[in-house]
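Inspection log for the structure reproduced underneath, given as structure tokens.
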Protein chains: 2
Amino acid sequence: MERFCALDEEQAELFRSILGRVGDKWSMMLIGMLQQGPYRFTELKRMTRGISSRMLTFTLRQLERDGLVTRTVYAEIPPRVEYAATELGSTLVGPVMAVAEWASQHQREIVRFREAYDAAQDDAGDTPRVR
Amino acid sequence: MERFCALDEEQAELFRSILGRVGDKWSMMLIGMLQQGPYRFTELKRMTRGISSRMLTFTLRQLERDGLVTRTVYAEIPPRVEYAATELGSTLVGPVMAVAEWASQHQREIVRFREAYDAAQDDAGDTPRVR
DNA sequence: CCGCATCCTCGAGGATACTG
DNA sequence: CAGTATCCTCGAGGATGCGG
């Protein structure tokens, strides 16, 4: 309340929900990868270094549910399943990449800030250093 | 690997680290609030409905460490501490708001996708419904 | 090959109480 | 007022094993 209107309660809630959706450990990476074209489950698993089957399945299901990704099953033996980004999914990539670019543009600056901050903390801890 | 180059291993790592930094439960809301001008600890705590002292302190420290927020202590009684967004902090708001706008522009669409998906799931569960 | 079920760990973050 | 310290909960997510 007060003069804080740029991000009211409701906006904040919506915003957090979408960041939660998209800001998790794997979603954006998957959306990003699927921009290149359809991929199979195992391909995604290999490309997304370190993801567990459990999480890959789960994350893809979420994205599918939200209409960001499609899942196509081919009745073959052995089974083949392809995932692809939807149009909606593609529109998300732009804004999110903007954040990514901000990240890469300012990372050095942030690292320097961190070092300065940590150094200042160490100095502060100088006096009461003995135990 | 392969044809996935838009978001390589390193980029993905950087990107996740920044999303982790900024995509947590409170950071963006605080940055957003501090756009309106400096605020005191208790003001922020009141405005940020539901945050604990512990998390408010912690989040503000992180933001300060990253150079996104400044912390100014006034040697008064009772003590007064003011937090404000830095220039760097302000530049983050744009990109992140772009994601927020995407969220609000597409939320209905997503809700519809979810409903459709859930309905389809229920239908699939129709046959083996008994127990 | 695709993916579900189960178990288990670990850390984010809330509640509470206390200080300068 | 502006935190710090401690304890505790709870859910994200990894590991493993099985099934179509």
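Every chain is numbered from 1 and lettered A, B, ... according to where its sequence line falls, protein lines coming before strand lines.
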* For D/dA2, does OP1 or OP2 lie under 4.0 Å from any side-chain N or O of B/Arg40? -> yes
* **Value in whole Å for how far the C1' atom of C/dG20 lies from CD of B/Glu76** => 16 Å
* Asked: Counting side-chain heavy atoms from C-beta on, which of C/dT6, D/dA2, D/dG3 comes nearest to A/Arg54?
  -> C/dT6
* Looking at A/Tyr83, does any N or O in its side chain come under 4.0 Å of the phosphate oxygens OP1/OP2 on C/dG3? -> yes
* Distance in angstrom units between B/Met55 CE and C/dG11 C1', rounded -> 10 Å
* To do: Looking only at side-chain atoms of A/Trp26, point me to the closest of C/dG14, D/dG14, C/dG3.
  => D/dG14
* **Residue-phosphate contact under 4.0 Å: B/Ser52 side-chain N/O, C/dG14 OP1/OP2** => yes
* **Rounded distance in Å - CD1 (A/Ile77) to C1' (D/dG20)** => 10 Å
* In whole Å, what is the span from the CD atom of B/Glu64 to the P atom of D/dA2? -> 15 Å
* Asked: Can you check whether A/Leu63 reaches A/Tyr83 side chain to side chain, under 4.5 Å on heavy atoms?
  -> no
* To do: Determine: side-chain N/O of B/Lys25 to OP1/OP2 of C/dG14, distance under 4.0 Å, yes or no.
  => yes
* Structure fact -> Regarding the side chain of A/Arg61, the nearest nucleotide among C/dG14, C/dG3, D/dG3 is C/dG3
* Asked: Any side-chain heavy atom of A/Trp26 sitting closer than 4.5 Å to one from A/Leu56?
  -> no
* So which nucleotide from D/dT4, C/dC4, D/dA2 ends up closest to the side chain of B/Ser53? -> D/dT4
* Structure fact -> Separation of C/dC4 atom C1' from A/Lys45 atom NZ, nearest Å, is 13 Å
* Asked: How about B/Tyr117: does its OH atom have over 12 heavy atoms from other parts shown lying under 6.0 Å from it?
  -> yes
* Asked: Separation of B/Glu43 atom CD from D/dG3 atom C1', in whole Å?
  -> 16 Å
* Identify which nucleotide among C/dC1, C/dG13, D/dC1 has an atom closest to any side-chain atom of A/Pro79, counting heavy atoms from C-beta outward. => C/dC1
* Structure fact -> Picking from C/dG13, D/dA2, C/dG3, the nucleotide nearest the side-chain atoms of B/Phe41 would be D/dA2
* Are the side chains of A/Val81 and A/Arg40 in touch, meaning some heavy atoms are under 4.5 Å apart? -> no
* Whole Å only: how far is the OH atom of B/Tyr74 from the P atom of D/dG3? -> 13 Å
* Asked: Rounding to a whole Å, what distance do you find between B/Arg80:CZ and D/dG3:P?
  -> 13 Å
* To do: Compare every heavy atom of B/Arg49 with every heavy atom of B/Arg46, then report the nearest pair and how far apart it is.
  => O-CD, 3.7 Å
